[in-house]
Amino acid sequence: MSWQQRIDSALAQRREADAFRRRVPLAQGVGRWLEYEGQRYRNFSSNDYLGMSQHPNVIRAWQQGAEQYGTGSGGSGHVTGFSHAHRDLEKELAQWLGYPRALLFISGFAANQAVIAALMSEKDRIVADRLSHASLLEAAALSPAALRRYQHNDSQHLARLLSSAVEGQQMVVTEGVFSMDGDSAPLTNVAEATTQAGAWLMVDDAHGIGVKGEQGRGSCWQQGVRPELLVVTFGKAFGLSGAAVLCSDSLADYLLQFARHLIYSTSMPPAQAVALRASLEVIRSGEGDERREVLAQHIAHFRAGAQGLDYQLTPSESAIQPLIVGENARTLELAKTLREKGCWVTAIRPPTVPTGTARLRLTLTAAHTREDIDTLLEVLHGVRE
Ligand SMILES: *Cc1c(COP(=O)(O)O)cnc(C)c1O
C-alpha cells in the first residue's frame, strides 16, 4: 500500500464507521453560552467546570503578567524559561496539596508522557485501570515496561495482577475522576493494593482537581490518599491550561534530569503562571466553595431529572454526566437534535470509548443556571417522544 492509499483507506474506514472527527471553529466555546455561526447555544460541552475561564481576576492577572514578563517564556525551564511566576506557582501548588514539590508542565498530556517515559524501564510493569486516559495508556504502551490493564475500578483485579511475579518495579496508574464516565476511582482500595505490592501509585486527577474535596484539593485529598505521583491539569476546573506533577523532593529532582518534555520544550508563558495563581486563589477561597456548591446542586438536579430517560446514566457524582446511547449514528443524531433545540452537547464515539458505548458527554458547570439545567432536561425528555 502506498502512503496515499494508507491515508485514504484509514479515512474511509473512519467515515464508514460514523467515526470521522472534525473540528468546528467557535466564536465562543467556554462559559455558559457557546457561539457558533452567529447562533448562541447553552454550552454542555466544556470542561470549564467552575466557570473560571471567564473570571475577571484571572483575565486581569494574565494581562498584568504579560505586561510584566512579556508574552513567551523564551525557552525551557532549564535555560531562561523558569521565572519567579513559575517558582511561586509551584510553591503554592505544593503547599496547597501537601507535597514537598510541584513541577509545571505545558499540558497534562505532556506530563503523563514525560513521567512514564522517565521512570519506567524494561523489567518493570505498569498496571493501569483499563479506562485510563489516552495520554496514560499511550505512554504506557510506548514505554519499555509491560502494560497490564485491570477491570475498571476493580481493586481486587488490580491486586491479582500486582501479585504475579515481576523482575523490576510496578507502577499503578489511575484517574481520580474518569474523563468519559465521570465516576470516581476507589482510591483508598487502589492505594492499599498498591502499598501491599510494594508498588508506586500515579493518579491523574484532571477532572477532580479544583472540584472535589476541601478547598478543591481533588480526589486524593477527598479520599485521604497520597500517591507518590499526583498529576493535576489546568485545562479543566482552573479554566486555563498546563499541568503539574506533585511528588517528593528526590522525585522532582529526578524528573528535572530525565523528563524530556521538561528539558526540551519551552515552558509555559510566565503570564499564564500568574493567571494560574489567580485561579488557584479563587479556587481555594470561599468563592471557590460557592462555585463548587452551585455545581453540586446542578449535578443533583440533573440526575434527579434524568431518571426515566431512554439513555443510561453512569454512576457519576461529578460534573461529567454522560448519557450512554450505544450506536454511533444514533448518538450523532441525538447530538444534532439537541443542537437544533439550542443545547450544545458532544457525541463521544469509539475509539475514545469502548465500542457500543457511544455517548453524549454532558458537562455541567458553575456558570450554568438552574434554568439551563431545566432546559436541557426538557429537551432530552422531549426528544424521547
Ligand atoms: C484532559 C486530560 C488530560 C490531558 O490534559 P491536557 O492538559 O489537556 O493535555 C490528561 N488526563 C486526563 C484524565 C484528562 O482528562
Side-chain angles (χ1 to χ4, degrees), residues 21 23 29-30 45-50 52-53 86 89-90 93 102-117 126 128-143 149 152-153 171-185 187 190 201-212 216 218-220 222 227 229-246 259-262 265-269 272-273 275-276 279-280 283 314 316 318-322 346 348 351-354 359 361-365:
R21 299 162 188 233
R23 301 172 303 169
V30 284
S45 280
S46 94
N47 295 325
D48 183 19
Y49 303 130
L50 297 179
M52 291 304 298
S53 72
H86 295 92
L89 175 60
E90 286 188 349
L93 288 166
L103 289 180
L104 295 174
F105 285 78
I106 203 74
S107 74
F109 201 101
N112 286 338
Q113 300 275 310
V115 166
I116 288 175
I126 297 171
D129 187 292
R130 63 189 312 274
L131 294 190
S132 296
H133 192 260
S135 56
L136 294 163
L137 291 178
E138 192 189 273
L142 290 174
S143 90
R149 302 191 304 166
H152 179 51
N153 281 346
M171 180 76 74
V172 174
V173 170
T174 181
E175 293 184 37
V177 173
F178 284 84
S179 51
M180 292 303 146
D181 290 65
D183 56 341
S184 290
L187 291 173
V190 168
L201 177 61
M202 173 175 180
V203 176
D204 173 349
D205 203 22
H207 301 278
I209 198 70
V211 183
K212 299 265 175 189
S219 308
C220 294
Q222 188 183 39
L229 287 149
L230 170 61
V231 179
V232 299
T233 73
F234 306 130
K236 280 108 188 185
F238 271 73
L240 286 137
S241 77
V245 174
L246 286 296
R260 304 168 71 81
H261 297 67
L262 275 184
S265 185
T266 303
S267 65
M268 70 170 65
Q272 185 181 331
L276 282 165
S279 186
L280 174 57
I283 286 172
T314 64
S316 162
S318 73
I320 305 162
Q321 290 293 329
T346 306
I348 305 275
T352 307
V353 293
R359 63 196 67 186
R361 181 177 180 275
L362 303 173
T363 49
L364 310 180
T365 78

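Along the sequence shown, the residues carry numbers beginning at 1. Numbering of ligands and ligand atoms starts at 1, following listing order.
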**OP:** Look only at the side chain of Asp205 and the backbone of Ser219, and say whether a donor-acceptor pair between them is shorter than 3.5 Å.
**Re:** yes
Original post:
Should you measure from each heavy atom of Ser179, which atoms of ligand 1 turn up under 4.0 Å away?
Top reply: 15 (O)
**OP:** Considering heavy atoms of the protein only, find what lies nearest to atom 15 (O) of ligand 1 and give residue, atom and distance to 0.1 Å.
**Re:** His207 NE2, 2.5 Å
Subject >> Per-atom contacts of ligand 1 with Glu175, taking only distances under 4.0 Å to non-hydrogen atoms >> reply: 13 (C)
Original post:
For ligand 1, which atoms sit closer than 4.0 Å to a heavy atom of Ser107?
Top reply: 7 (O), 9 (O)
**OP:** Taking atom types as modelled, find out whether Thr352 and Arg21 have a side-chain donor-acceptor pair closer than 3.5 angstrom.
**Re:** yes
Subject >> Flag, side chain of Asp48 to backbone of Ser53, donor-acceptor distance under 3.5 Å >> reply: yes
**OP:** Please determine if Lys236 has a nitrogen or oxygen closer than 3.5 Å to a nitrogen or oxygen of ligand 1.
**Re:** yes
Original post:
Out of His152, His133, His207, which one pairs with Phe178 under the ring-ring contact (aromatic ring centres under 6.0 Å, His included) rule?
Top reply: His152
Original post:
To which protein heavy atom is atom 9 (O) of ligand 1 closest, and what is the distance rounded to 0.1 Å?
Top reply: Phe109 N, 3.0 Å
Original post:
When only distance counts, is Asp204 in polar contact with ligand 1, meaning an N/O pair under 3.5 Å?
Top reply: yes
Subject >> Interfacing atoms of ligand 1 (cut-off 4.0 Å, heavy-atom, Ser135) >> reply: 10 (C), 11 (N)
Original post:
Which residues pass the side chain to side chain donor-acceptor pair (under 3.5 Å) test with Ser318, sequence neighbours left out?
Top reply: Ser316
Original post:
Quick one: ring pair (Phe, Tyr, Trp, His ring centres under 6.0 Å) partners of Phe105, sequence neighbours excluded?
Top reply: none
**OP:** Using only heavy-atom distances, determine whether the side chains of Asp183 and Thr314 contain a donor-acceptor pair under 3.5 Å.
**Re:** no
Original post:
Among protein heavy atoms, which sits nearest to atom 7 (O) of ligand 1, and what does the distance come to when rounded to 0.1 Å?
Top reply: Gly108 N, 2.7 Å
